[in-house]
Amino acid sequence: MSAFRLIWPLLVALLLAASPARAAATEDAARQTLDSARQTIADVENQLKADGLADPDLTRLRTVVDPLAAGLQALVVDLSPRLAASAKRLAELTPKSKEPASNDSASPELAAEKQTHDALDAELRSARAMLLQIDEIETRISAARRDLFARQTFARSASLLSPVLWIDLGHESPRDAVELGGRINDWFAGLSNRVTLSQALGFLSVMLAMLALAAPLNWVARRVIARDRDVVDPSRFHRALAAAWSAAVLAAAPLIALSLFAYALEVFDISDPRSQASLDALLDALRLMTVANALAQGLLAPGRPNWRLVRLSDRAASRFDRLWLGVAAILAAERLLEPAVDAVGSLNLAVAARAVGATLAGLLTITTLRGLADGSISHDSAWAPARAALAWALAALVFGATLLGYVALATYLVQQAMDLAMVIATLYILDAVLQEGVEALLKSSAPVGRALTMAIGLRRDALDQISVLVQGFARLTVLFAGAVFMLGHWSVSQDFAASLRAAYFGFKIGGLTLSVSSLLLAGVALAIGLGATRTLQNWLSSRYLPRTRLDAGVSNSVRTIVGYVGVVVALAVSGAQLGLDYQQLAIVAGALSVGIGFGLQGIANNFVSGLILLWERGIRVGDWIVVGNEQGFVRRINPRATEIETFDRGTLIVPNATLVGGPVKNWLHADRTGRIVVAINVAYESDVEQVREILIAAAKAQDSVLAIPAPSVLFSEFADWHLKFQLTCYVDDIVVADRVRSEMNFDILRRMREAGLRIPYPK
């Protein structure tokens, strides 16, 4: 304790001495960050002033300024509380006297704090100003990329049918061939002079080792999850696993081999910087063919219809396989020709190669579509006509663009269609594995399902609900990942879409600017939102809600409320595309309130009443209700009115406000149990105990009559010419009450005649 007392003042002194040092180091770091950011911004602005910037150059500049903006934002976050603390300290040190203090009387601490405050304020202002500069630079980069994309993609060149193109290409071909041959000879000569014997032997050893390992690895990989031809009907889960494994093996092994090949070329100094572009193009082409072949083998399973993941015949699968690999080969060939075109500088060769490639891709697509039209596959999907129409439109657009001279646009469409198809195929296989895998793992008979049932005590229906929710989350995750990937891949085209949107003529309505593109995007957003809402409703109705213990009425209420929420969200997103803000929405809501006050009051009343019905569930779909002189079953609760199917098979449309504000009898509100009352008259000379036994026996003879509460007989009245009895019993479903009453009447009459009991009638 005494030692601590001796050391404590020393520790306090060290901390007090270290605080200014830490503050000074922090200020120096902030100053260095600002100076570095200022220099980087100046360099980027100078590079933006250069002419002929390509898209990779603009992308590189964007990758420079994005981290810079993040660093400056972090600096602003760090400086803001420090400036606020300094301002508070400065206010505390400032004299409270109304007369200004003289410079001589100002304390040194006040002067130092004021200096610190001014320095922090200046740094914070500089950081915020540079953030504005970066925002302006990013806007300029995006605009430059959009303009470059528009110029390159929509640039018009010679048509495929232009004779001038082929004549000029014929004249240039001998010179281009000589130049390419010279470059190849130079590469071989440089290779022989640069590579030693030990390097060549090392490279060959690596290649031979890769070839030696290929066969055993392939043998092992194909037997992990094998597609056995003897298995007649494998489950969808096994088919999905086999498809995923086949695609992964066929893609991973060649891609690893290509990476090792490229690494060996670099390590043993085989590659030449002058031929690096050609080598990269060759590797890219091989990677494309590898991935395309892997996905085709995994998804289509040519020659193995029993293991095919998609429902296609052998003929249709073969056609899709040829189309898939054919388009991939065309794109790979174009990728291989790019370095040769750049080497000889022939624009005609580039145009001709791309035009021929786009035309061949269009011909392959048309040939496949004609094969699909002859009935080789079954169009059992509701989306099949839409997919076929989209494919025909794409083929027509590619052909039209090629013939009109927009070769770059045609090539771009083919490339993007191939990329999108590969992403969709990958997501389809992954989604199938997740969906079927979750269902197989969470079955009550599966080990995981049994473990959950035993450990937590889950019921089977609860386990089914968990399975459906996990499947839905997995599918949503897969779709989100695919959307993020494609949006990142289409970043250039998104910038171009933004430029087209700005280019359209817009007109203002109040503070809202409308244009053709904004209206189209709002319509697309609304359609996507409504489609997603309908998909979610169908999923709830077909997959999740049937696994719950909710009755049909509650399930319908959940489905309808989800639909209302989805419509509101879709409208909000669509309004955001038009530029609506909360203030403008308030104006719209005010206008709607005026309209409701004048002419839409009834509609609004019915709509709100429909929401009340769905929320309170006093009336549900499937209930048997009585409204006035009409009765029937509730079939649908719409936003304005409720549909009731009467017993004579008619449809009664009742406004929702009538059901909420008026008296309604609901036979099924609490439960489905119903009461049956049968009144019967017997003669005075009848044995009343025998009458009671006959009535009780007739009630118990009916299977639908409940044992509890037990049937009962009341001796209700001594009438003038008869004795009056009343049989009361209950059935488990009020819907069958009339039929049960009729069967009991038949049985009572038969039993009374057999017992000799007389039913009197007025004389």
Side-chain angles (χ1 to χ4, degrees), residues 7-97 100-145 488 491 495:
I7 296 175
W8 173 250
L10 180 61
L11 293 176
V12 173
L14 289 175
L15 290 174
L16 293 175
S19 297
R22 285 199 304 270
T26 304
E27 292 178 2
D28 291 340
R31 194 175 299 109
Q32 291 176 3
T33 301
L34 292 174
D35 293 340
S36 176
R38 192 176 292 108
Q39 182 62 41
T40 304
I41 290 173
D43 294 341
V44 171
E45 286 185 338
N46 290 331
Q47 294 181 47
L48 280 176
K49 295 177 182 178
D51 297 331
L53 288 176
D55 187 71
D57 300 328
L58 295 172
T59 304
R60 178 181 55 81
L61 294 178
R62 185 66 180 264
T63 57
V64 171
V65 297
D66 284 344
L68 190 63
L72 288 174
Q73 188 63 44
L75 184 61
V76 169
V77 173
D78 178 64
L79 291 176
S80 296
R82 291 172 56 194
L83 180 61
S86 178
K88 182 179 179 181
R89 179 60 178 165
L90 190 62
E92 294 174 352
L93 294 175
T94 302
K96 300 298 185 292
S97 176
S102 61
N103 293 335
D104 295 337
S105 62
S107 65
E109 188 177 1
L110 175 62
E113 190 62 39
K114 190 175 186 308
Q115 183 179 2
T116 302
H117 178 274
D118 293 341
L120 289 174
D121 184 64
E123 291 174 354
L124 186 59
R125 290 175 182 272
S126 298
R128 288 173 174 170
M130 280 187 281
L131 280 175
L132 294 177
Q133 281 184 279
I134 291 176
D135 289 340
E136 190 267 338
I137 289 174
E138 290 178 344
T139 302
R140 289 166 56 190
I141 291 175
S142 298
R145 293 185 69 192
S491 59
D495 290 340

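What you see below is based on every heavy atom in this structure, not just the backbone, and it leaves out hydrogens, waters and symmetry mates. We number each residue from 1, following the sequence as shown.
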Given 3.5 Å as the limit, does a donor-acceptor pair link the side chain of [X] with the main chain of [Y], or not?
{"X": "D78", "Y": "A74", "value": "no"}
{"X": "S86", "Y": "R82", "value": "no"}
{"X": "T63", "Y": "R60", "value": "yes"}

Are any of the side-chain nitrogens in R140 or E136 under 4.0 Å away from the carboxylate oxygens of its partner? yes
Would you call R31 and D35 a salt bridge, taking side-chain N to carboxylate O under 4.0 Å as the test?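 Not counted as a salt bridge, because no side-chain N and carboxylate O are separated by less than 4.0 Å.
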Tell me if the CZ atom of R125 is crowded by more than 12 foreign heavy atoms within 6.0 Å.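 Open.
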Inspect the surroundings of CD in E45 and state if more than 12 heavy atoms from other residues, nucleotides or ligands are less than 6.0 Å away.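 Result for CD/E45: enclosed.
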Pick from T33, T40, L34: which one makes a side chain to side chain contact (heavy atoms under 4.5 Å, CB included) with S36?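 The passing option is T40.
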Does D43 form a side-chain hydrogen bond (donor to acceptor under 3.5 Å, both in side chains) with Q39? I'd like the steps, not just the answer. CA-CA 6 Å; D43 294 341; Q39 182 62 41; 3.1 Å; yes
L131 versus A69, closest heavy-atom pair with distance: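 In terms of heavy atoms, the two residues are closest at CD2-O, 3.6 Å.
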Can you tell me how far CG of L72 sits from CZ of R38, rounded to the nearest 0.5 angstrom?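 Those atoms lie 9.5 Å apart.
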All salt bridge (charged side-chain N to carboxylate O under 4.0 Å, His left out) counterparts of R89, not counting sequence neighbours: E92, E109
